[in-house]
> 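Supplied in structure tokens, the structure appears directly below.
Here is how names work: the chains are called A, B, and so on, in the same order as the sequence lines, proteins then strands, and each is numbered from 1. What's counted below: heavy atoms across the whole structure, side chains too, no hydrogens, waters or symmetry copies. Remember, predicted model here, so these are calculated numbers, not experimental data.
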There are 2 protein chains.
Amino acid sequence: MSVDGVRNASVKDVAALARVSLGTVSNVLNRPERVSTSTRERVEAAMAELGFVRNESARQLRAGTSRTLAYVMLDGGNPFFTDVARGMEEAAEEAGLSLVMCNSNQDGAREAGYLTLFQQQRVQGVLVTPVDAASPALDAIRDRGTPLVIVDRTRDDASFCSVAVDDVLGGRLAAEHLIDRGHRRIAFVGGPMDLGQVRDRLEGARLAWADAGLPADDLVVLTTSSLGVAEGRGAGERLTGLAARRRPTGAFCANDMTALGLLQHAITHGVHVPEHLAIVGYDDIEFAAAAAVPLTSVRQPRHELGLTAAALLLDESTNLDHTHDQVLFTPELVARASTAGR
Amino acid sequence: MSVDGVRNASVKDVAALARVSLGTVSNVLNRPERVSTSTRERVEAAMAELGFVRNESARQLRAGTSRTLAYVMLDGGNPFFTDVARGMEEAAEEAGLSLVMCNSNQDGAREAGYLTLFQQQRVQGVLVTPVDAASPALDAIRDRGTPLVIVDRTRDDASFCSVAVDDVLGGRLAAEHLIDRGHRRIAFVGGPMDLGQVRDRLEGARLAWADAGLPADDLVVLTTSSLGVAEGRGAGERLTGLAARRRPTGAFCANDMTALGLLQHAITHGVHVPEHLAIVGYDDIEFAAAAAVPLTSVRQPRHELGLTAAALLLDESTNLDHTHDQVLFTPELVARASTAGR
DNA sequence: CCCTACGATTGAAAGGTTTCATTAGCTGAG
DNA sequence: CTCAGCTAATGAAACCTTTCAATCGTAGGG
């Protein structure tokens, strides 16, 4: 509803002004080489004069195809996901497509809402980092004809294309690093547990812990309600509340935001990092290195993650004999001061 | 496009299966109270059986109205903007609309691309933090009938609704704070200068500097190519390269990412903060408080910024006698360790 | 038993674009 | 001078939904 009453010019108006048929205007738009230079110029002039902007709804309705990709992020506030998105955008731009994003904020209902929105919009394909990769909602989308690739998660069966990083290995790396540094009682901080990323990272840590022959009880799990900075601070609260002899000397946080929160709490409460508490984060976001105590973290190839995800989606949406591919990247531990030798 | 050949079910298919007319199906969708319970149930069953999903393009084409708002962010990697976006989303959801976002990455061409995309999609309205608020591209959008509100910037004439924070005042607060702390030679770090935010913050700093009767030359300007962490580190490089007597004792960075980069460089090069170099950032992002040395910063009400922007847009797109409103919020300095007394 | 009124349903038109089978207009070969 | 062979342009159909005036059926009042 434009407040002014000026109706948007349509191809029909352009055609009338340029004294050509509708078809010709459409050709100027879509196959300019088929129309003679003189008429093309006349049509373009008319478009400019009327301020014509192609109605994408009509175009899509008729052509049946859309020129945009969509990404449903799990947490827009986490720089990890925005970096992933940048990779996607790069790939989309390369292919002449646009990328729009939205943010589920770890809320399944909101995620579902955006998924149906994009389905209604008949976008060319959907990228999603789901709250729950097993959700049948994802199958519903794909069954309805919208290509979908799962980002930063995987389906056990190969029912979708997916791009992920080996979170079990990542958890293992983190725990092994702490064990190497001599820690014999550590905490895992993260949640909620229905987030696959959290479960896998914890599992990896447990495997490493068991492999080292350490008692399971000495890997304390501190569950948080989500993965923000505030939750990390809350975990710090709980940690310092423990009796000194029961207090872990190292913590592995399920992501860097939580780790930064924990670090912040430690510092403001006089807990020295890494002497009293070593901390390992996850994601190696840009801010990890700039933290109060530079954070040891598990790095994931986030840009490449996005790039690859978009490439898979493109293939799925255009290649007739596409087969689902489950790409798994390998994480890498970046050691910094927050776990320096004790 | 769907790889399997299953055509998407349309209202026609639903109508056929439920043995009713097209109009009735549409009524079930849009004015369920007008159709009797029995037929409604029959239609809904048919929809479920066919997996019907409304084609938004067709709906929009006919109904002429879209149910989505769009936000073109200046820098998706900057948590400031994602916080703003969250505020917008809250307001949109409240109004039963969806918010999609995209990222211009401070690139005017990309911004223009997204603006026309959304115009082609005939979204209900566009929110944008433009690279250049004076750009005629913005007028073009609005003249073509798409309501548009400018976020985190303003037009001098009241030609648009806008929501912004007083950047000149913010710059002033930052500089005054450094002056209060006894600094008599400071650096301003930021860029590019065609970014209004940067210009205004610098101008505010200069005003404060002049008001304090300090020589203009002692406010050194270090221009960066953008406002990322890496650029901050680069500025640190240049700063430490200066002869000691010419080296500023304080720095005001145009945003927190740059400030964090500068801080990081300082620390790794043995420059003590705040003793040798005091640092003030801007935005007060969540990571500022968790930095190596907690960062003094200028806080902006980012959530409210988004909320208000969306509210203005909603008014502009629905209220017939809408008048442009230019809301200006007041920033606030949050002092932390990075400028502690010397 | 007729008529009115009302609720439920229908059917056709409209919205802007693309596509494609045709037609129109030329050029140049025969 | 004709006609094949092109290129350029045309016009109608199709995409799917919403809207709205018109119709149908029925219940209730007279």
> Indicate whether the side chain of A:D315 and that of A:H322 have a donor and an acceptor atom separated by less than 3.5 Å.
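Side-chain D/A pair, A:D315 to A:H322: present.
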> It should be established whether B:S10 places a side-chain nitrogen or oxygen under 4.0 Å from OP1 or OP2 of nucleotide D:dC16.
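Checking D:dC16 against B:S10, no side-chain N or O comes under 4.0 Å of OP1 or OP2.
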> Ignoring the backbone of A:R54, work out which of C:dT9, C:dT17, D:dA9 is nearest its side chain.
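The listed nucleotide nearest to A:R54's side chain is C:dT17.
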> When the nearest nucleotide of DNA chain D is assigned to A:L22 and to A:S36 on a heavy-atom basis, which residue is associated with the more 5' position?
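Result: A:S36.
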> B:N27 CG to C:dG7 P: how many Å, rounded?
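Between P of C:dG7 and CG of B:N27: 15 Å.
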> Rounded off to whole Å, could you give me the CD-to-C1' distance for the A:E33 and D:dA8 pair?
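Atom-to-atom, A:E33 to D:dA8, this comes out as 12 Å.
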> Mind checking if A:V20 touches a base, just sugar-phosphate, or nothing, with heavy atoms under 4.0 Å?
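Sugar-phosphate, backbone atoms only, no base.
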> Can you tell if the side chain of B:D152 reaches within under 4.5 Å of the side chain of B:L74, non-hydrogen atoms only?
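A side-chain contact is absent here, since even the closest heavy-atom pair is not under 4.5 Å.
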> Would you say A:R62 reaches D:dA13's phosphate, i.e. side-chain N/O to OP1/OP2 under 4.0 Å?
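For D:dA13, OP1/OP2 do not have a side-chain N/O of A:R62 under 4.0 Å.
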> Using only side-chain N and O atoms of B:S57, determine if any of them is under 4.0 Å from OP1 or OP2 of D:dC15.
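Checking B:S57 against D:dC15: no side-chain N or O falls below 4.0 Å of OP1 or OP2.
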> Write down the distance between CZ (B:R42) and C1' (C:dT9), rounded to a whole number of angstrom.
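Taking CZ of B:R42 and C1' of C:dT9, I get 11 Å after rounding.
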> Checking contacts here: which listed nucleotide (D:dT19, C:dT17, C:dT10) is nearest the side-chain heavy atoms of A:R59?
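Nearest listed nucleotide: C:dT17.
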> Does a nitrogen or oxygen in the side chain of B:T24 sit under 4.0 Å from OP1 or OP2 of C:dT10?
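Yes, B:T24 has a side-chain N/O under 4.0 Å of OP1/OP2 on C:dT10.
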> Nearest whole Å is fine: how far is D:dT17 C1' from B:M47 CE?
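It works out to 11 Å between those atoms.
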> Could you state the CG-C1' distance from A:N55 to C:dA14, rounded to the nearest angstrom?
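Value for this atom pair: 14 Å.
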> Nearest-Å distance, CD (B:Q121) to P (C:dT17)?
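Taking CD of B:Q121 and P of C:dT17, I get 15 Å after rounding.
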> Measure the spacing between CZ of A:R122 and CZ of B:R54 and express it to the nearest 0.5 Å.
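The CZ atom of A:R122 sits 10.5 Å away from the CZ atom of B:R54.
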> CZ of A:R19 versus C1' of D:dA8: gap in Å, rounded?
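That distance rounds to 16 Å.
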> On DNA chain D, does the nearest nucleotide to B:G23 precede the nearest nucleotide to B:L61 from the 5' side, or the other way round? Give the residue.
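Per heavy-atom nearest nucleotide, the more 5' residue is B:L61.
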> Taking the side chain of A:A58 as its heavy atoms from C-beta onward, which of C:dT17, C:dT19, D:dT18 lies nearest to it?
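Of all the options, the side chain of A:A58 is nearest to C:dT17.
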> Take atom NZ of A:K12 and atom C1' of C:dT17, then tell me their distance rounded to the nearest Å.
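That distance rounds to 11 Å.
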> Which of these passes side chain to side chain contact (heavy atoms under 4.5 Å, CB included) with A:V43: A:E41, A:R40, A:M47?
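It is A:M47, the one option of A:E41, A:R40, A:M47 that forms the side chain to side chain contact (heavy atoms under 4.5 Å, CB included) with A:V43.
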> With a cut-off of less than 4.0 Å, is there a side-chain N or O of A:R122 near OP1 or OP2 of D:dC16?
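False: A:R122 side-chain N/O out of range (4.0 Å or more) of D:dC16 OP1/OP2.
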> To the side chain of B:A63, which of D:dC16, C:dT17, D:dT19 is closest?
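Closest of the options to the side chain of B:A63: D:dT19.
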> Please determine whether a side-chain nitrogen of the Lys or Arg among B:R86 and B:E89 lies less than 4.0 Å from a carboxylate oxygen of the Asp or Glu.
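B:E89 and B:R86: not salt-bridged.
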> Please determine whether any donor N or O and acceptor N or O are separated by less than 3.5 Å between the side chain of B:R34 and the base of C:dA8.
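Per atom types, no contact qualifies.
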> Using a heavy-atom cut-off of under 4.0 Å over every strand shown, decide if B:R40 touches base, sugar-phosphate, or nothing.
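Answer is nothing: B:R40 stays at 4.0 Å or more from every strand.
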> Using only atom types and a distance under 3.5 Å, with no angle test, would you say the side chain of B:S57 pairs donor to acceptor with the backbone of A:Q60?
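Such a contact is absent between B:S57 side chain and A:Q60 backbone.
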> Less than 4.0 angstrom between a side-chain N/O of A:N30 and OP1 or OP2 of C:dT18, yes or no?
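Yes, within the criterion.
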> B:T39 side chain N/O closer than 4.0 Å to the phosphate oxygens (OP1, OP2) of C:dA8?
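Result: no.
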